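One structure below.
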There are 2 protein chains.
Amino acid sequence: MKHTLETYGFFFGALANPNRLQIINVLRQGKKNVGEICEATRFEQTMVSHNLKVLEYHGMVFMEKDGKLRYYTVNKKTIKPLLEFTDAHMDEYCCKLLGEQHERKK
Amino acid sequence: MKHTLETYGFFFGALANPNRLQIINVLRQGKKNVGEICEATRFEQTMVSHNLKVLEYHGMVFMEKDGKLRYYTVNKKTIKPLLEFTDAHMDEYCCKLLGEQHERKK
DNA sequence: TCATTATATGACCATAATATCATATGATAT
DNA sequence: ATATCATATGATATTATGGTCATATAATGA
């Protein structure tokens with residue numbers, strides 16, 4: 001751990017939100033502008049913009065202007081292995097626990 | 001992504017807290033019981049127990065009873081590469097941004 | 001059995017995160 | 001210059017998270 005604990009916490013916090021994860025997921029299919037992300041997710045534009053800002057700040061997505069459009073791409077180098085790795089962990093440890101006690105409140 | 005977005009979000013949320021990260025960090029040195037974790041972190045016992053529960057739920061730490069003591073170990077298989085990977089990402093993308101705009105409120 | 005030590009649990013309050021609403025900026029075209 | 005479209009920003013209300021306090025459980029020993 002080379003950085004402060006706050007920095008790590010902040011970083012993981014960016015991934016701790018299902019809506020942001022859905023945006024990431026949509027971007028894994030390829031480059032998309034904000035409108036396309038809204039369409040794919042059925043999220044409001046302002047919400048998407050706010051969350052893209054968080055993701056961009058943490059280097060999880062990159063932005064590229066094209067006229068009045070802004071295209072976003074996911075940082076595959078980071079996101080792909082991070083999620084694959086998390087998948088593997090969940091397969092082994094997490095899912096067998098879900099539903100036991102700690103069920104997240106709706 | 002094989003699991004629900006909520007599950008991933010919940011998982012990363014467990015890592016989105018500096019105190020939990022500090023507990024993890026202490027456990028990386030080796031197996032410790034709750035009292036030893038309190039001593040090492042200077043955290044209150046109840047706070048440590050609450051946070052250990054979260055970490056254990058997500059398979060990030062394991063627990064082993066020994067008399068009235070409960071020893072915890074970190075799940076190195078998951079935590080070590082996850083943190084190393086995050087380090088590498090931060091070296092490249094994150095730290096150069098810190099302090100620019102999104103500084104976390106105190 | 002009772003006392004003590006170690007740890008966990010539940011309730012509560014303060015703080016932080018989040019989506020939404022209203023509005024602003026920026027780019028293009030007319 | 002103004003209208004329009006795409007996106008961003010700021011404020012606010014609501015919800016979620018987290019630490020603390022009080023208390024419970026569990027194990028051991030006297």
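In the text below, chain A, chain B and the rest are named by the order of the sequence lines, each starting its count at 1. From a predicted model like this one, the values you see are computed outputs, not experimental measurements.
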Inset, instruction - Would you check if there is a donor-acceptor pair between the side chains of Asn33(A) and Tyr71(A) at a distance under 3.5 Å? - result: yes

Inset, instruction - Classify the side-chain pair Thr7(B)/Thr4(B) by whether it contains a donor and acceptor separated by less than 3.5 Å. - result: yes

Inset, instruction - Starting at CD1 of Ile37(B), measure out to CG of Leu27(B) and round the result to the nearest 0.5 Å. - result: 4.5 Å

Mind calculating the distance between [atom1] ([X]) and [atom2] ([N]) to the nearest angstrom?
X: Glu6(B); N: dT18(C); atom1: CD; atom2: P; value: 13 Å
X: Asn17(B); N: dT15(C); atom1: CG; atom2: C1'; value: 13 Å
X: Lys32(B); N: dA6(C); atom1: NZ; atom2: C1'; value: 17 Å
X: Leu52(B); N: dT7(C); atom1: CG; atom2: C1'; value: 10 Å
X: Arg70(A); N: dT28(C); atom1: CZ; atom2: P; value: 12 Å
X: Met63(A); N: dG26(C); atom1: CE; atom2: C1'; value: 12 Å
X: Asp66(A); N: dT7(D); atom1: CG; atom2: C1'; value: 14 Å
X: Met47(A); N: dT9(D); atom1: CE; atom2: P; value: 17 Å

Inset, instruction - Between Gln45(A) and Gln45(B), just flag the one whose closest nucleotide in DNA chain C comes earlier from the 5' side. - result: Gln45(B)

Candidates [options] - which lies nearest the side chain of [X]:
X: Leu69(A); options: dT7(D), dT9(D), dA8(D); answer: dT7(D)
X: Glu44(B); options: dA8(C), dC21(D), dA19(C); answer: dC21(D)
X: Tyr72(A); options: dG18(D), dC21(D), dA8(D); answer: dA8(D)

Legend entry - In one Ile/Leu/Val/Met/Phe/Trp/Tyr side-chain cluster, 4.5 Å: Tyr72(A), Val48(A): yes

Inset, instruction - Would you mind telling me which residue lines up with the more 5' stretch of DNA chain D, Asn33(A) or Gly67(B), judged by nearest nucleotide? - result: Asn33(A)

Inset, instruction - Decide, applying a 5.5 Å centre-distance limit and a 30° plane-angle limit (both strict), whether His50(A) stacks on dT18(C). - result: no

Legend entry - Under-4.0 Å side-chain N/O to phosphate OP1/OP2 contact, Lys53(B) with dA8(C): no

Legend entry - Distance flag, aromatic centroids of His3(A) and Phe11(A), threshold under 6.0 Å: no

